[in-house]
Protein chains: 2
Amino acid sequence: MPHDAALCATQQPCEICPIRYRAVCAHCEGDELAELEGMKFYRRYEAGQVVVWAGDRMDFVASVIAGMAGLTQQLEDGRTQMVGLLLPSDFLGRPGREVAAYTVTATSDLMLCCFRRKPFEKLLIENPRIASRLLEMTLDELDAARDWLLLLGRKSAREKIASLLVILARRAAALVKRRPEGRIVIELPLTREAMADYLGLTLETVSRQMSTLKREGVIELDGKRRVIVPSFVRLVTESGDDSDGGPLS
Amino acid sequence: MPHDAALCATQQPCEICPIRYRAVCAHCEGDELAELEGMKFYRRYEAGQVVVWAGDRMDFVASVIAGMAGLTQQLEDGRTQMVGLLLPSDFLGRPGREVAAYTVTATSDLMLCCFRRKPFEKLLIENPRIASRLLEMTLDELDAARDWLLLLGRKSAREKIASLLVILARRAAALVKRRPEGRIVIELPLTREAMADYLGLTLETVSRQMSTLKREGVIELDGKRRVIVPSFVRLVTESGDDSDGGPLS
DNA sequence: CCAGGACCTTGACCCAAATCAAATGCCCCA
DNA sequence: TGGGGCATTTGATTTGGGTCAAGGTCCTGG
């Protein structure tokens with residue numbers, strides 16, 4: 001069956017696809033996934049709830065269906081850095097690793113489509129197509145991590161905030177509404193503290209920079225968690241990287 | 001044939017293994033790799049030489065045989081961040097990507113074992129074992145990138161320096177000599193500027209922190225590029241993370 | 001053996017972001 | 001309707017690391 005973009009792009013969870021419910025679905029991949037029935041289950045978490053603690057045994061891997069989660073790492077003295085951002089269609093867990101290396105926390109209400117580890121690993125071996133899809137996704141994640149390294153290592157606080165908004169606007173189509181005249185509305189699925197942990201800043205600095213961007217008209221705030229972007233191009237400029245790749249630019 | 005740890009761990013390049021000459025070799029993987037003959041070639045680069053520029057076409061992928069290279073990303077105004085560190089056995093290039101996303105520079109003299117892209121990709125499809133090895137390596141790289149995010153986001157300059165030395169000591173067995181009484185000697189394959197680009201610092205700060213660590217007896221310097229670590233445990237303490245995983249700890 | 005240049009160190013000063021400390025707003029539930 | 005608790009904002013102050021500037025060291029090639 002041919003790829004059905006409309007069906008794949010829907011916000012409804014695909015009931016069959018094991019990995020990426022939006023870009024790959026039963027309608028695209030065919031019957032090879034039918035065997036997955038019976039090895040998967042859904043779980044929901046509330047904002048702030050911990051999915052797994054680093055060091056805990058994790059007997060499943062999962063695909064994010066809705067909401068957002070963060071992978072988090074800590075130094076002994078409590079300094080915290082987010083090291084992974086999971087949005088719908090992202091994959092959680094690592095084949096072959098039974099013990100979680102990072103703490104996973106729902107930063108907003110979260111819905112996961114989970115697969116029991118053992119049968120999933122068996123599936124990977126038997127089904128090179130899924131394995132290769134997983135490799136591709138991992139490579140994309142690595143690229144994202146590398147952009148993040150540049151952000152953490154070399155960008156100013158203001159550029160970091162702008163970059164985060166750009167990332168959310170580009171990746172989280174579900175969070176974004178386009179308004180007439182090109183205005184964009186972003187529902188922030190993170191607290192200021194989670195933003196700070198993502199950006200390697202303190203929450204006070206995040207708050208101050210949000211205020212500054214607002215004062216200068218780069219963004220508007222409607223409540224604390226809704227950001228309106230009058231000019232996306234302007235926001236991208238503020239983010240420091242000129243890459244015009246990706247949607248919305 | 002069973003895994004031969006001694007043979008795999010040798011510093012000699014494995015003439016057959018396409019991906020990781022130390023951990024996987026013809027002796028472990030068997031004949032499935034024989035078909036690789038004829039699709040591979042070696043290249044050497046001098047310290048400072050650029051392997052590929054971001055945006056350039058790259059018609060091969062490669063395995064690092066000796067030396068060290070850095071992947072580097074830049075903002076328009078020239079701020080530079082290293083986003084990948086390639087040591088012997090690391091893999092360079094991404095299947096399916098013909099245009100390099102990052103600039104690759106040899107930070108020391110470098111030897112690559114290269115594979116022409118097309119036949120390599122064909123091989124990946126036909127040989128799930130190699131594909132799965134590549135997935136595993138990519139996941140390891142992602143883990144390393146995540147530790148790096150923590151380093152850039154939350155560590156002090158001093159901790160960053162100590163962390164880099166720990167990483168080099170753990171990963172680059174080829175660079176490290178153990179002396180009696182547990183002393184370790186590290187040959188730094190990077191300039192101070194490359195260290196700064198890795199750590200998200202300026203070269204002046206790197207130099208200052210090296211001097212401080214020396215003054216306090218955490219390290220000794222023999223010339224500019226040879227670091228002697230009297231107590232590795234002490235160095236790990238200075239690095240901020242208490243993880244005692246990995247060799248040498 | 002000396003000159004030039006690349007690489008590194010050190011000093012003085014400055015500034016962006018952290019830290020410490022108070023408000024303020026907001027939501028939920030009694 | 002009001003109060004408790006959390007998230008957020010804002011202010012005052014400090015500080016780690018950046019910036020600018022001046023040497024120093026070592027290697028190489030003439």
Side-chain angles (χ1 to χ4, degrees), chain A residues 46-49 75 77-81 105-109 151-164 187-216 219-227 238 240, chain B residues 46-49 75 77-81 105-109 151-164 187-216 219-227 238 240:
Chain A
E46 292 177 11
Q49 216 180 329
L75 298 170
D77 61 5
R79 279 174 287 172
T80 301
Q81 176 65 50
T105 311
T107 60
S108 68
D109 288 349
L151 178 151
L152 287 176
R154 297 301 185 193
K155 287 188 180 175
S156 68
R158 152 188 278 255
E159 290 169 327
K160 286 177 174 180
I161 300 282
S163 299
L164 173 56
E187 306 287 338
L188 283 183
L190 317 89
T191 63
R192 296 288 185 267
E193 187 178 19
M195 291 173 69
D197 286 345
Y198 182 99
L199 300 170
L201 299 170
T202 59
L203 67 91
E204 293 97 325
T205 299
V206 170
S207 180
R208 263 187 261 273
Q209 293 297 334
M210 293 284 285
S211 301
T212 306
L213 289 173
K214 178 182 169 188
R215 197 175 323 119
E216 297 179 5
I219 59 175
E220 292 159 31
L221 295 178
D222 173 12
K224 292 163 196 312
R225 296 293 189 86
R226 177 173 296 130
V227 178
E238 294 290 346
Chain B
E46 291 178 12
Q49 215 180 331
L75 299 172
D77 60 6
R79 280 174 286 172
T80 301
Q81 175 66 50
T105 312
T107 61
S108 68
D109 288 350
L151 179 150
L152 287 176
R154 296 301 185 194
K155 287 188 179 174
S156 68
R158 152 188 277 255
E159 290 170 326
K160 285 177 174 180
I161 300 283
S163 299
L164 174 57
E187 305 286 340
L188 284 183
L190 318 89
T191 64
R192 296 286 185 267
E193 187 178 19
M195 291 174 69
D197 286 344
Y198 181 98
L199 300 170
L201 299 170
T202 59
L203 67 91
E204 293 96 326
T205 298
V206 170
S207 181
R208 264 187 261 273
Q209 294 297 333
M210 294 283 285
S211 301
T212 307
L213 290 173
K214 177 183 171 189
R215 197 174 324 118
E216 298 178 5
I219 60 174
E220 291 159 31
L221 295 178
D222 174 13
K224 294 162 194 313
R225 298 292 191 88
R226 177 174 296 129
V227 178
E238 296 290 346

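Protein chains get the first letters and strands the later ones, always in sequence-line order, with residue 1 at the start of each. Because only heavy atoms are used, hydrogens play no part in the values below, and waters and symmetry mates are left out as well, while side chains stay in.
B/T191 comes within 4.0 angstrom of the backbone, heavy atoms only, and of no base. Base contact: B/L203 has a heavy atom under 4.0 Å from a base atom. Looking at heavy-atom distances under 4.0 Å, A/R154 makes no contact with the nucleic acid at all. Counting any heavy atom pair closer than 4.0 Å across all strands shown, B/G48 reaches no nucleic acid atom. As judged by a 4.0 angstrom heavy-atom cut-off over every strand, A/R225 is placed among residues touching the sugar-phosphate backbone only.
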Using the 3.5 Å cut-off, write out each protein N or O paired with an N or O of nucleotides 21-25 of chain C and the distance between them.
none

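With respect to A/M195, the side chain to side chain contact (heavy atoms under 4.5 Å, CB included) criterion is satisfied by exactly one of A/M210, A/K160, A/Q209: A/M210.
For B/E216 and B/R158, the salt-bridge test passes: some basic side-chain N is under 4.0 Å from an acidic carboxylate O. Salt bridge B/R79/A/E159: present, at least one basic N to carboxylate O contact under 4.0 Å. Between B/R154 and A/D197 a salt bridge is recorded (basic side-chain N to carboxylate O distance below 4.0 Å).
Each of A/T205 and A/G223 was assigned the nucleotide of DNA chain C with the nearest heavy atom; the assignment lying further toward the 5' end belongs to A/T205.
Checking side-chain atoms of A/S211 against main-chain N and O of A/S207 turns up a donor-acceptor pair under 3.5 Å.
Between A/T202 and the phosphate of C/dA17, there is no side-chain N or O to OP1/OP2 separation shorter than 4.0 Å.
Within residues 207-215 of chain B, the residues that place at least one heavy atom under 4.0 Å from DNA chain D are, in residue-number order, B/R208.
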